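Single-structure report; data block below.
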Amino acid sequence: MNRPDSDGDGLFDHCPWLYAEQASPGQRAAQEQRQKRLLGGAGAEAASVRLGGGCFVAESAAVYPEQLSLGDRSYIAAHAYVTGDIRTGADCTINPFTVVRGTVTLGNGVRIGAHSSLLAFNHGTSPGLPVHQQPVTSAGITVGDDVWIGSHVVVVDGVTIGDHCVIGAGAVVTKDLPAWTVAAGNPARRIRDRREPRGTGQRVGVSGGAASGGGVSSGVVSGGGVSDGPVSGGAVSDGPVSGDVAPELSAFADDARAQAADLLDRCWQPNTGRYVDRPGAEPTVRAHCDAVEIAALLLGEAPPRLPAAEHAARLRALQDPGTGLVPEFGGAPPVPGPAGLPQDGASAYHVLCVGYALDLLGSSFAHPVHTVRTTTADRLVGHLAELPWPDRAWHAGAWVDSWATAAHWNLRLGTEAAAPGALEALFGWLHTHADPWTGMWGSPAPESGRLQMVNGYYRLTRGSFAQFGLPVPHAERVIDTVLDHARDPRHFSPGRENACNVLDVIHPLWLCARQTTHRAEEARTWASAQLTAALRRWHPGRGFPFGPTPDATGPGREPGLQGTEMWLAIIWLLADLVGLADVLGYRPRGIHRPEPAPPAAGMA
């Protein structure tokens, strides 16, 4: 492994964004010598090269310019190939294996992802001469300020890219792009104006109107260089984008919105005034919450059968005031476990689904989850150690998800999350018990491989690290483990993929991609294939089935609310990882929201 204190390694060549803060005196001296050689190197006049303050040029980069002017804090990373007349503003990045040739002018804050090519020259093609004897022309490439160019992008000669543009990974830019354009595909085409809202999913107010929502703004990620491809909602997407799937993705989203009211209506029981997962099933609390999530995602409002305030009132009334837990319809109050929550079961999941359904409706739980609010650090740590990590890691991870989510709702209500020190103890225990070889909690099993371990990882990190906005430990090892699991034919072969198994792979890949580009191309390739397959599972007017099962009991082959809610979120995560989430026009806002869920005051 490369170490920042080793003068001879290639860490900063490949990760030059680390140089300013981590370089040793010896490494700074080596970089100074590198720049001196560049300024006065063979075949170059000293006046032809200008390097601003805080620049970095990798030792392995092939830099042979006629003219080179790097603005302050700009860098050229490992194995880049730079020739011709190159001029950049401040804070520009030419990342590993990028080619910049000809007459190229970059504004301030231009980020170019790895393996991209800006080719500002052309050969003639007249039939009278071989190509190698044709004259070379150069109209030049001009890129404005604050432009993000993803990995594997090609920009051809004569193109001007306006200020504030974002170019999706794998695009081929053959024509000028006006300012603020978000473009992708081959040839690159406009997807939207960067100033437009990212998606239409919004929180639904109690009055039935849409409250504040929308997506996060796009732009250059600060604080490192590990995500130099365009992002959508925080996920790295600097690999090839499949332009062919974009029209199908857009058409699917339009159909889903148009059919949302009908698929919700088929799962409404007028005689009970409740939702069922699918016709013929019994009403459940989860089905009602799934209906709220689907309506908020696709319609931007509460499910049409009731006013938003009535939906909220019915869900709030289910909570047991003594424990703060939510039983199933007609069930007895749940019995708390030794650290505040039952081991598993419906009431543990209701902490998630009811809490987020109320949040989407502009409301909240009526009471804190008292059983978690009173959990001490000692009791919590003792219970974590007793969870069935070796053979039932999914159940263990699901328990952590519910406990952490209950702590989150308690904070949202303005009370203590748990007894003093308990929340900190949770994250301390998780950090110290993650396996550094797999990044996981738990172990593989002969009969199911990594299934329990990976599925438990998703549930655990969803409610803890992702929900609270904290980086996960050992992100690269997690990606290794998850990608290995995704090749297991017992769970990922035609006729075997269900919503849980696909979600439990894409979410860790998406989450870890915000921290590292490790095996990013493989992750995007897997996501692209799954995205194409997922779109085929849609049943017009009925939604998505959960997935294949040996029989028709439980969430399985029949389209229903649970399958629809999960696959809509899965499709967004898959699309985001390959750079196409904006095409969908919706964004998860509930359980599967991509942003952390920070505490908010003043909720009724």
Side-chain angles (χ1 to χ4, degrees), residues 80-89 92-95 97-107 109-127 129 131-132 134-196 218 220 228-232 237-250 521 524 528 578-583:
Y81 180 25
V82 179
T83 69
D85 186 350
I86 314 299
R87 302 169 190 271
T88 84
C92 290
T93 69
I94 299 173
N95 271 320
F97 299 97
T98 292
V99 176
V100 181
R101 302 187 65 195
T103 302
V104 179
T105 303
L106 309 179
V110 176
R111 323 295 280 190
I112 305 174
H115 297 278
S116 289
S117 296
L118 277 64
L119 305 174
F121 64 94
N122 231 324
H123 288 278
T125 58
S126 62
L129 286 174
V131 171
H132 76 275
Q134 296 279 352
V136 176
T137 61
S138 179
I141 293 172
T142 301
V143 180
D145 296 336
D146 180 33
V147 172
W148 205 339
I149 298 174
S151 197
H152 293 275
V153 168
V154 176
V155 182
V156 302
D157 189 34
V159 165
T160 295
I161 298 174
D163 296 343
H164 313 296
C165 287
V166 176
I167 314 300
V172 178
V173 185
T174 61
K175 296 181 180 179
D176 293 353
L177 296 174
W180 296 103
T181 298
V182 177
N186 180 8
R189 69 200 181 283
R190 179 188 180 278
I191 293 177
R192 64 178 177 91
D193 187 296
R194 183 176 155 192
R195 294 165 294 187
E196 293 174 357
S218 61
V220 176
D228 271 330
V231 300
S232 179
S237 56
D238 58 343
V241 172
S242 174
D244 293 338
V245 77
E248 186 179 0
L249 201 59
S250 178
E521 190 67 33
R524 283 187 294 273
S528 181
V578 301
L580 290 175
D582 289 328
V583 175

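Predicted model only: the values in this text are computed from it and were never measured. Note that the numbering runs from 1 along the sequence shown for the chain.
Between the side chain of S138 and the backbone N or O of A120 there is at least one donor-acceptor pair closer than 3.5 Å.
For the residue pair V166 and R194, the shortest heavy atom distance occurs at CG2-CD, 3.8 Å. Closest heavy-atom contact between P187 and T174: CB-OG1, 3.9 Å. In plain terms, the two heavy atoms of A80 and I94 that are nearest each other are CB-CG2, 4.1 Å. Here the shortest heavy-atom pairing between G168 and A184 reads CA-CB, 4.2 Å. What you find for L177 and A183 is that their closest heavy atoms are CD1-CB, 4.0 Å. Taking both residues in full, the closest heavy atoms of L580 and A246 are given as CD2-CB, 4.1 Å, listed atom of the first, atom of the second, then distance.
In this structure, the side chains of I86 and V104 come closer than 4.5 Å at one or more pairs of heavy atoms. The closest side-chain heavy-atom distance from D163 to D146 is not below 4.5 Å. Side-chain contact between T88 and V110: absent, with no pair of heavy atoms (C-beta onward) separated by less than 4.5 Å.
With values rounded to the nearest 0.5 angstrom, L106 atom CG is found 5.0 Å from I112 atom CD1. In this structure, L129 CG and Q134 CD are separated by 5.0 Å, a value rounded to the nearest 0.5 Å. The line from CG of L118 to OG1 of T98 is 8.5 Å long, rounded to the nearest 0.5 Å. Summarising the geometry, atom CD1 belonging to I161 is positioned 13.0 Å from atom CG belonging to D145; distances are rounded to the nearest 0.5 Å. T181 OG1 to H164 NE2: the interatomic distance, rounded to the nearest 0.5 Å, is 11.5 Å. The structure places NE2 of H152 at 7.5 Å from OG of S116, a figure rounded to the nearest 0.5 Å.
Looking only at atom types and distance, the side chain of R87 has no donor-acceptor partner in the side chain of T105 under 3.5 Å away.
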